[in-house]
Amino acid sequence: MSEDVTRGWQRPSIYDVARQAGVSHMTVSRVLNGHPNIRESTRERVLRAIDDMNYTRSSIARALATRRAMRIGVLVDGPVQYGPNSTLRALESAARDVGYAISAFSISEEEESQIDTGVVELVTQGVDALCVIAPRASSLDLLRKQTTGLPTIVIKAEPDAAWHTVAVDQRAGATLAVSHLIELGHQRILHVAGPLDWYDARERQEGWRDALADAGLPIVPPVAGDWTSDYGYEFGSTYDFGGVTAVFAANDQMALGLVHGLCQRGIRVPDDISVVGFDDLPDARHFLPPLTTVRQDFAALGELALKLIIDAIDGEEDGFQHDVIEPRLIVRGSTAAPGS
């Protein structure tokens, strides 16, 4: 009996075709879209797998055959912030590549009570699964009270006993940033954290703390910011840095404001104080000086989250795991050895 028959109503996905052909799902997508830069032998292998498995990427055809909507509901908390917004765009791109559409419901920091409304609206659209981009603990606590019966994947920095979660490894990224400063010779490294209701902020602070503890360096009391450049500027303009020679800011926007505030006081970056950010905003390389920061691979995060969602829809979810994408340190001109 064929694999397709044994799976009953479940039709093969683009990932099934990729496994059959021995290629990545992105290669299958490129073949389907007529991309010219594909080896002819690879194209033939993919087309043969498509034919053998009776695969169709038509959303309408697949929806009729499988009784699926071919649509994923995404609940986005904090949509104006760079991380959640970039994650949503990456997820939309990954979904398009495999024939799924995205329905998104956004919740601002002032609208936590809208979580119930968002879940109801997405579920009533007949989505096949839910993906929750959940940066804040308070919002996720409200979501725990909801029961939808739908496969659900949560994008958050910490593991969770209730859901399969996926994220860029925030703690590892912070460790990269602080270890870089330690290797340059800095011993008093301050952390300007994000709001500690945010999972990312908590994990980045813990990564900073772990790196200092592992190196036997003192823990300078951290300061909790609000993610904005204005906060970074106000802090950089007024804080008594004492013997601090380096600052790890929890995001690039606060780092930008911090550099501005330090400059206004005649404190040079990196000559007097080194500064590291987090996110690698598109403009970070154009800061003055260009910003050393931690890059998050949102495209890879979107692809992994989408794969986990489809696995869950197909009934292939393997328990409540926490999968992570590794971040990358980008060294630029805002960091140097102390007193250099």
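This is a predicted model, so every value here is computed, not measured.
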[X] (side chain) donor-acceptor with [Y] (main chain) under 3.5 angstrom:
X	Y	result
Ser334	Thr292	yes
Trp208	Ile189	yes
Ser93	Arg89	no
Asp252	Ala284	no
Thr152	Leu150	yes
Asn251	Met254	yes
His186	Ala336	yes
Asp128	Ile72	no

Out of curiosity, [X] [atom1] to [Y] [atom2], how far, rounded to the nearest 0.5 Å?
X	Y	atom1	atom2	value
Ile50	Asp16	CD1	CG	12.0 Å
Ile309	Ile153	CD1	CD1	6.0 Å
Asp169	Glu203	CG	CD	7.5 Å
Tyr199	Asp160	OH	CG	6.5 Å
Asp210	Arg171	CG	CZ	5.5 Å
Leu190	Ile219	CG	CD1	11.5 Å

Q.
Under a 3.5 Å threshold, yes or no: a donor from one side chain and an acceptor from the other, between His180 and Thr335?
A.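 Side-chain D/A pair, His180 to Thr335: present.
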(Q) Whether the Thr228 and Asp226 side chains hold a donor-acceptor pair (N or O, under 3.5 Å, no angle test) is what I'd like checked. (A)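 A pair is found: one side chain offers a donor N or O, the other an acceptor, under 3.5 Å apart.
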In the single-linkage hydrophobic clustering (I, L, V, M, F, W, Y; side-chain heavy atoms under 4.5 Å), do [X] and [Y] co-cluster?
X	Y	result
Phe105	Val119	yes
Ile330	Val276	no
Val324	Val132	no
Leu47	Ile38	yes
Leu281	Leu176	no

Q | For Asp272, all residues meeting side-chain contact (heavy atoms from CB on, under 4.5 Å), sequence neighbours excluded | A |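 side-chain contact (heavy atoms from CB on, under 4.5 Å) check on Asp272 returns Ile267, Arg268.
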Q | Within 6.0 Å of CD in Glu92, more than 12 heavy atoms from elsewhere | A |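 Enclosed.
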(Q) If you count heavy atoms of other groups shown closer than 6.0 angstrom to CZ of Arg328, is the number above 12? (A)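 Counting neighbours around CZ of Arg328, 12 or fewer heavy atoms of other residues, nucleotides or ligands fall under 6.0 Å, so no.
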Minimum side-chain heavy-atom gap [X]-[Y] below 4.5 Å:
X	Y	value
Arg209	Pro222	yes
Thr293	Arg332	yes
Ile313	Tyr100	yes
Pro84	Asp77	no
Arg188	Phe241	no

Q: Might you work through the side-chain contact (heavy atoms from CB on, under 4.5 Å) test for Asp323 and His164, ending with a clear yes or no?
A: CA-CA 8 Å; Asp323 291 303; His164 196 139; 2.8 Å; yes
**Q.** Intermediate values then yes/no, side-chain contact (heavy atoms from CB on, under 4.5 Å), Leu75 and Ile107
**A.** CA-CA 8 Å; Leu75 195 66; Ile107 301 164; 3.8 Å; yes
Q. Going through the checks in order, is the side chain to side chain donor-acceptor pair (under 3.5 Å) test met by Gln296 and Asp280?
A. CA-CA 7 Å; Gln296 304 195 70; Asp280 195 25; over 6 Å; no
Q: Check the pair Trp198, Gln81 against side-chain contact (heavy atoms from CB on, under 4.5 Å), reporting the backbone distance first and the verdict last.
A: CA-CA 11 Å; Trp198 286 62; Gln81 300 297 341; 3.4 Å; yes
Q.
Taking Arg43 first and then Glu40, would you say they form a salt bridge - that is, a charged N and a carboxylate O separated by under 4.0 Å?
A.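 Yes, this pair counts.
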Q. Below 4.0 angstrom, N of the basic side chain to O of the carboxylate: do Arg204 and Asp200 qualify?
A.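 Salt bridge between Arg204 and Asp200, a charged N being under 4.0 Å from a carboxylate O: yes.
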Which atom names give the shortest non-hydrogen contact between [X] and [Y], and what distance separates them?
X	Y	value
Leu306	Leu91	N-CD1, 4.0 Å
Arg265	Gly236	NH1-O, 2.9 Å
Gly173	Val294	O-CG2, 3.4 Å
Leu212	Pro218	CD1-O, 3.8 Å
Pro290	Arg285	CB-O, 3.4 Å
Ser229	Gln253	OG-O, 3.0 Å

Q | Ring geometry between Tyr231 and Phe235 (parallel below 30°, tilted from 30 to 60°, perpendicular above 60°) | A |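 Phe235 and Tyr231: parallel rings.
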Q) What do the steps show when you test Glu158 against Thr165 for side-chain contact (heavy atoms from CB on, under 4.5 Å), and what is the final call? A) CA-CA 8 Å; Glu158 300 175 5; Thr165 55; over 6 Å; no
(Q) If we check side-chain contact (heavy atoms from CB on, under 4.5 Å) with Val269, which of these qualifies: Val275, Leu258, Leu288? (A)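 Going through Val275, Leu258, Leu288 one by one, the side-chain contact (heavy atoms from CB on, under 4.5 Å) with Val269 is satisfied by Val275 alone.
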Q.
Which residue in the set Phe278, Trp227, Phe298 passes ring-ring contact (aromatic ring centres under 6.0 Å, His included) when paired with Tyr82?
A.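 Checked Phe278, Trp227, Phe298 against Tyr82; only one passes ring-ring contact (aromatic ring centres under 6.0 Å, His included): Phe298.
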